[in-house]
Amino acid sequence: PFVVTENCIKCKHTDCVEVCPVDCFHEGPNFLVIDPDECIDCTLCEPECPVNAIYPEDDVPAGQEGFVALNAELARSWPVLTVRKDPPADAAEWDGKPDKLKLLER
Ligand code: SF4
Ligand code: F3S
């Protein structure tokens, strides 16, 4: 499956959800995750993310391997999102900032 990684935190553009044919994105307060049991590896979402936060499971950036399990875990409790919404007003400021994992809200 594909995985949402750290750079989505506090950016949350949600362009990704509109293209997913199987509606497998789940939304939390400041991050989205992909349900690995639903993702069909279609690849459509990967280029849609303006901050390049989406990767194939076996190609997540070094140091972000924990996001594979985190997507699976959070997808179980967060609701599905299928329609794009406005990103946070300060999304651009957070693009590329390091150590955003500690800012993840559940
Ligand atoms: Fe959805 Fe395809 Fe992205 Fe998987 S790869 S999350 S099926 S758009
Ligand atoms: Fe996050 Fe990118 Fe989607 S910032 S919400 S993975 S478009």
Side-chain angles (χ1 to χ4, degrees):
F2 278 62
V3 175
V4 185
T5 63
E6 186 163 18
N7 207 28
C8 176
I9 297 170
K10 292 181 77 69
C11 286
K12 200 186 177 192
H13 286 280
T14 71
D15 301 62
C16 53
V17 307
E18 297 252 329
V19 299
C20 182
V22 294
D23 297 345
C24 59
F25 282 90
H26 293 246
E27 183 190 22
N30 64 3
F31 183 52
L32 255 61
V33 294
I34 291 168
D35 182 342
D37 294 331
E38 299 292 331
C39 176
I40 57 171
D41 285 324
C42 75
T43 77
L44 290 176
C45 58
E46 186 179 15
E48 291 301 315
C49 178
V51 299
N52 298 312
I54 303 176
Y55 292 85
E57 178 180 42
D58 57 7
D59 197 27
V60 299
Q64 297 196 41
E65 295 82 1
F67 279 84
V68 176
L70 192 60
N71 274 240
E73 178 199 337
L74 296 174
R76 285 194 287 270
S77 54
W78 284 354
V80 169
L81 181 71
T82 58
V83 179
R84 188 186 176 281
K85 51 167 74 171
D86 288 336
D90 60 351
E93 280 173 42
W94 288 98
D95 180 13
K97 286 264 169 72
D99 300 325
K100 291 200 283 182
L101 180 55
K102 61 178 186 282
L103 303 172
L104 174 67
E105 296 173 35
R106 295 177 177 243

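Hydrogens, waters and symmetry mates play no part in the numbers below; they use all other heavy atoms, side chains included.
At a threshold of 4.0 Å, the pair Arg84-Glu48 does not count as salt-bridged, since none of the basic side-chain nitrogens sits closer than that to a carboxylate oxygen. A salt bridge does not link Lys10 with Glu93: every distance from a Lys NZ or Arg NE/NH1/NH2 to an Asp or Glu carboxylate oxygen is 4.0 Å or more.
With a 4.5 Å cut-off on side-chain heavy atoms, His13 and Lys85 do not count as touching. The shortest distance between side-chain heavy atoms of Pro87 and Trp94 does not fall below 4.5 Å. Between Leu70 and Val33, every side-chain heavy-atom pair lies at or beyond the 4.5 Å cut-off. A 4.5 Å side-chain heavy-atom check between Leu104 and Asn30 finds at least one atom pair inside the cut-off. Using a 4.5 Å cut-off on side-chain heavy atoms (C-beta onward), Phe31 and Val4 make contact. No side-chain heavy atom of Cys45 sits under 4.5 Å from any side-chain heavy atom of Cys20. Using a 4.5 Å heavy-atom cutoff, the side chains of Glu6 and Pro61 are not in contact. Using a 4.5 Å heavy-atom threshold, the side chains of Val83 and Glu18 count as touching.
A pairwise comparison of heavy atoms in Cys8 and Ala53 identifies N-CB, 3.5 Å as the closest pair.
Between the side chain of Glu46 and the main chain of Leu44, no donor-acceptor pair closer than 3.5 Å is present. Proximity of a side-chain donor or acceptor of Lys100 to a complementary backbone N or O of Ile9 within less than 3.5 Å is detected. With Lys12 contributing its side chain and Gly28 its backbone, the two residues share a donor-acceptor pair below 3.5 Å. Distance alone, capped at 3.5 Å, places no donor-acceptor pair between the Asp59 side chain and the Tyr55 backbone. Side chain of Asn71 to main chain of Ile34: a donor-acceptor pair is present (N/O by atom type, distance under 3.5 Å, no hydrogens or angles).
Evaluation of the side-chain hydrogen bond (donor to acceptor under 3.5 Å, both in side chains) rule for Asp35 yields no partner, not counting sequence neighbours.
In this structure, the separation between CG on Asp37 and SG on Cys24 is 10.0 Å, given to the nearest 0.5 Å. Atom CZ in Phe25 sits 7.0 Å away from atom CG in Leu32 (nearest 0.5 Å).
Using modelled atom types, one finds a donor on one side chain and an acceptor on the other under 3.5 Å when comparing Asp95 with Asn7.
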